[in-house]
Amino acid sequence: GENVEQHPSTLSVQEGDSAVIKCTYSDSASNYFPWYKQELGKGPQLIIDIRSNVGEKKDQRIAVTLNKTAKHFSLHITETQPEDSAVYFCAASHEGAQKLVFGQGTRLTINP
Amino acid sequence: EADIYQTPRYLVIGTGKKITLECSQTMGHDKMYWYQQDPGMELHLIHYSYGVNSTEKGDLSSESTVSRIRTEHFPLTLESARPSHTSQYLCASTDSYYGYTFGSGTRLTVV
């Protein structure tokens with residue numbers, strides 16, 4: 001079955017700098033890759049997703065890139081702000097959004 | 001605004017008690033899921049359902065059970081709670097095109 005590895009497990013950056021979180025997946029048939037943000041005391045919230053027919057997608061300060069050949073995808077956050085501090089999860093699925101396999105999570109801390 | 005609701009948000013209960021965690025969604029999604037989240041952050045799938053009267057066990061073995069009698073409702077039951085069941089439980093649903101919508105979770109403590 002699918003296996004998703006996420007790195008790093010913790011990341012600390014200065015406010016205004018960029019943050020990058022990376023994930024690798026094992027199933028070459030995977031075609032859907034969402035990213036989630038979980039704030040303290042809340043459930044994970046979908047922040048951006050990408051499908052296998054696209055190499056990059058942007059939404060304001062966040063972007064996701066996908067390299068199907070290498071089977072990895074990354075989340076990029078630019079101009080980080082304190083409210084970006086949270087736990088981030090990547091996920092992958094070869095059944096659309098039906099059966100997601102999640103990475104282990106990255107705790108991102110933005111230092112003022 | 002969340003379209004998937006979990007109750008209660010927090011629950012402290014004694015060992016041996018039977019408990020039911022409620023999850024309801026108003027989006028008409030066929031597919032619903034229960035995850036257990038450990039303090040180390042990881043999400044572990046414990047149950048899922050692809051429609052009414054359809055339930056499956058997930059990747060993490062769990063002593064809990066679920067039912068899906070109505071599309072919008074996916075409750076999780078523990079017949080006899082134990083301290084090892086102390087955890088955060090998250091419910092989610094999807095229309096299969098977009099990623100999951102998660103509820104806010106139930107933090108369960110068994111004493």
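Chain letters run A, B, ... following the sequence lines, proteins first and then strands; every chain starts at 1.
Annotation: Glu83(A), atom CD; neighbour count of heavy atoms from other residues, nucleotides and ligands within 6.0 Å is above 12. Annotation for Glu79(A): atom CD does not count as buried by contact number, only 12 or fewer foreign heavy atoms lying within 6.0 Å.
When all heavy atoms of Leu90(B) and Gly43(A) are compared, the pair lying nearest together is CD2-CA, 3.9 Å.
Val20(A) and Ile62(A) are members of different hydrophobic clusters when ILVMFWY side chains are connected at heavy-atom separations under 4.5 Å. The hydrophobic clustering, which links ILVMFWY residues whose side-chain heavy atoms are closer than 4.5 Å, places Val4(A) and Leu60(B) apart. Met32(B) and Val52(B) fall into different hydrophobic clusters, where Ile, Leu, Val, Met, Phe, Trp and Tyr side chains are chained together by heavy-atom contacts under 4.5 Å. Residue Leu11(A) is grouped with residue Tyr88(A) when hydrophobic side chains (ILVMFWY) are merged at heavy-atom distances under 4.5 angstrom, including chains of intermediate members. Residues Leu108(A) and Phe73(A) share a hydrophobic cluster, clusters being chains of Ile/Leu/Val/Met/Phe/Trp/Tyr side chains in contact below 4.5 Å.
With rounding to the nearest 0.5 angstrom, the NZ atom of Lys31(B) is 12.0 Å from the CG atom of Leu100(A). Rounded to the nearest 0.5 Å, atoms NZ (Lys99(A)) and CD (Glu56(B)) are 8.5 Å apart. Rounded to the nearest 0.5 angstrom, Glu42(B) CD and Phe89(A) CZ are separated by 8.0 Å.
Using a 4.5 Å cut-off between non-hydrogen atoms, the part of residues 92-99 of chain B that approaches chain A consists of Thr94(B), Ser96(B), Tyr97(B), Tyr98(B), Gly99(B).
Using cut-offs of 30° and 60° for the angle between ring planes, the Tyr36(A) and Phe102(B) rings count as perpendicular.
Only the side chain of Arg9(B) comes within contact range of chain A, with heavy atoms under 4.5 Å apart. Contact annotation for Arg51(A): only side-chain heavy atoms (C-beta onward) come within less than 4.5 Å of a heavy atom of chain B. Only the side chain of Gln37(B) has a heavy atom closer than 4.5 Å to any heavy atom of chain A. For Gln45(A), no part lies near chain B; criterion is any non-hydrogen pair under 4.5 Å. Using a 4.5 Å cut-off between heavy atoms, Ser9(A) touches chain B through its backbone atoms (N, CA, C, O) alone.
Residue pairs meeting the salt bridge (charged side-chain N to carboxylate O under 4.0 Å, His left out) criterion with at least one member in residues 59-88 of chain B, sequence neighbours excluded, are Lys18(B)-Glu79(B), Glu63(B)-Arg82(B), Arg70(B)-Glu72(B).
Comparing Arg107(A), Lys42(A), Gln6(A) by heavy-atom pairs within less than 4.5 Å of chain B, the highest count is held by Arg107(A).
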